[in-house]
Protein chains: 2
Amino acid sequence: MKDPKSDIRQDIHNSDVPEICRSCEARHKGVCGALNPAQLAALAKQTTRREITEGTELIAADEPVASYSNIMSGVVKLSKLLADGRQQIVGLQFAPDFLGRPLKADSRIAAEAATTVRLCSFPKTTLERMMKEAPGLEHKLLEQALNELDEARDWMVTLGRKSAREKIASFLYLIAVHIDPEVDDLTDGGCSFDLPLTRADIADFLGLTIETVSRQLTKLRQQNIITIANNRHITVPDINLLRECCEG
Amino acid sequence: MKDPKSDIRQDIHNSDVPEICRSCEARHKGVCGALNPAQLAALAKQTTRREITEGTELIAADEPVASYSNIMSGVVKLSKLLADGRQQIVGLQFAPDFLGRPLKADSRIAAEAATTVRLCSFPKTTLERMMKEAPGLEHKLLEQALNELDEARDWMVTLGRKSAREKIASFLYLIAVHIDPEVDDLTDGGCSFDLPLTRADIADFLGLTIETVSRQLTKLRQQNIITIANNRHITVPDINLLRECCEG
DNA sequence: CGCCTTATTGAACCCCATCAATATCTGTGG
DNA sequence: CCACAGATATTGATGGGGTTCAATAAGGCG
C-alpha cells in the first residue's frame, strides 16, 4: 500500500532538513512534522518569514487569501464582527499552530496579531499540492481542526453558562496553560505570565464589557487569587485556587 | 503517485455498491463518499443500523466509545455539562453527518438523540483501518471538522454578543436552514418546520433560561414574524423578516 | 377525562451594561 | 529627569435585560 520511494526519502539523513526549519517548533508539533526532508526543502524555498507588529491584520474576513502560515511565536486572535460593530473573538492561536482556513477560499474570520508575531508563510497552492503528495499533512490538519473544535466547544460553555467571574478565571487559566508550558490541568503551585490581550480584547473574547473585565480582575486581586503588575503581568500564587473559580 | 489498483477498483460498476448503501445520503454528501464499492461492501458487512428514540444517550461524556456512526435521519444534540449541573449544547448534527470524535478515545462531549434518530454504526477499528487505505476518508473528515468549526465559531458570536431576541431568531433561522433543504441564505419567501428541541434544550443551546425562550418566542409571534402550532410547529411567513431579527 | 409533562405568564430581584469621571500607563520631547 | 498628551484601565452611579421564584395554562398520552 505504501509508495516505497517515500520510505527511502524519509530515511534521508536529518542534515537534509533545511536550516531554517531545524529549530522550528512546527516541524515537531506542527503541520511540517508530516513532511520528509525533501518535501521540507521544497516548501522552504517558497516560504517567507516575517515578524509582525501587534495590531496588524493578518487575514481580513471575507477576503480570499493566497497564503497559509505557521505561527512561530506570539499570539493571533481570530474574531468575527456583526454588522453593527459588535465583536466576538472566536479563538486564539499560539505557536506552532497553522493559520488559515484549508479547503476554502475565504474564512469569514478575521485574524490579527495580538502580540508581536513571527510567521512562516507559504503560498496556498504549494501546500495544496503537497497535501496530495503527503497524506500525513492532511492528517495533521485534521488533528488541529479537531483540537480547535474541542476548544471552541469548551469556550461555548464559558460564553453561554458562566458568570463574569468564572469567565475571567477561565480566561486567565487558558492563558496560563498556553503561555507557560509547565502548566497543565494537573499542575499544582503557581505561575506567572503576560496577558497577550488588552482589556477590550478580553471583553470581546468573553462576551463582556471592558468595565466588567476590570472589576472582576480587581476582585480576584483583592481575594489574593492573582496579583497584577503593570496591567499586563499576572502572577497566580496557587493555580488550584484559580481553577476552582472557573466553575463557581 | 497514485496506486493504480485503487483506480481499477473505483471503476467497478455501480451495482457493486451494497444494497443498503444505495439510497443512503452519507454515500453522497457524507464520509462514505470517499469509499469505492469494494470498500463500501467491506464496511457494510460491519455496520449495524438502528432506530433510536428521542432522549436516548448515544455517547456519554468521558466514556470511551467503540463505534462511529453516520446519522441517516433525525437530529443529534451535542452537549457539555458543568460540575454543578449547568448545561450547554455545543452543536446539533443532522443527516448525513458523521458522529464521533476521530483520533481520540473519549470526546468529553455527550451526544443524545434530540428526535428519533436513525444511525448507521460501525466499529472504530474498521474505520481507522480504512482511513489508512482510503486517504479520501480523512479528507471528508477534515471537511466536516472544518465545517463544524465554522459553525461553532458562528455560534460563539451568538452566545457572546447577541440579545435574547437575536438568539432566538438565530436559532429559528438555523433550524429552518437545516431542516428545510429549500432554505438557504439567499432564499426569499416563507417556510415551516418542527422544532427538534424542547424549550429546555433551546435554552441550553442559547445560554438562556426556559422562561426567556418562551417570552421571546411569544414576542416574535405577536409581531407576526412566526406562528406557532402545538408548541413545536413553526411557520415563518417571510424568512427575510426573521433574518433581520438575527442581528438587531 | 385525568394525570403528568411541558410551556406560558407574572412579579421581584440581580448581575452586568451603560454612562461618566478619574486614575494609571506609555512613550515622546523639552 | 520631568512634563505632557493620548491611550488604556479603574472606579462609581444608575438602569435594564434576563434570571429567579411562583402560579397558571396548554399539550400529550394513558
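Residue numbers begin at 1 in each chain, while the letters A, B, ... track the order of the sequences.
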- Message: Holding to ring-ring contact (aromatic ring centres under 6.0 Å, His included), I want the full list of residues that pass it with B:Phe205, two or more places apart in sequence or in another chain.
- Response: B:Trp155, B:Phe171
- To 10°, what angle do the rotation axes through the five end pairs on each side of the helix from C:dC1-D:dG30 to C:dG30-D:dC1 form? 40°
- Residues in side chain to side chain contact (heavy atoms under 4.5 Å, CB included) with A:Leu81, at least two apart? A:Gln87
- All pairs passing salt bridge (charged side-chain N to carboxylate O under 4.0 Å, His left out) where residues 82-92 of chain B contributes a residue, at least two apart: A:Glu166-B:Arg86, B:Asp84-B:Arg86
- Quick one: side chain to side chain contact (heavy atoms under 4.5 Å, CB included) partners of A:Thr47, sequence neighbours excluded? A:Ile20, A:Leu43, A:Cys120, A:Phe122
- B:Asp97 meets the side chain to side chain contact (heavy atoms under 4.5 Å, CB included) criterion, sequence neighbours left out, with B:Ile71, B:Gln93, B:Gln144
Give me, pair by pair, the N or O atoms of the protein and of nucleotides 24-30 of chain D that are less than 3.5 Å apart, along with how far apart they are.
none

- Item | Strand-adjacent residues in residues 163-174 of chain B, judged by heavy atoms under 4.0 Å from DNA chain C | none
- Item | ring-ring contact (aromatic ring centres under 6.0 Å, His included) against A:His178, all qualifying residues, sequence neighbours excluded | A:Phe94
- For DNA chain C, note the earliest and the latest nucleotide, 5' to 3', having some atom under 4.0 Å of a heavy atom belonging to chain B. C:dA7 to C:dA11
- Query: Does D:dA9 have OP1 or OP2 sitting under 4.0 Å from an N or O in the side chain of A:Ser214?
  - Reply: no
- Message: Using the side-chain hydrogen bond (donor to acceptor under 3.5 Å, both in side chains) criterion, which residues pair with A:Thr235? Sequence neighbours excluded.
- Response: none
- Message: Suppose we screen for side chain to side chain contact (heavy atoms under 4.5 Å, CB included). Which residues come up paired with A:Gln46, at least two apart in sequence or across chains?
- Response: A:Pro123, A:Thr126, A:Arg129
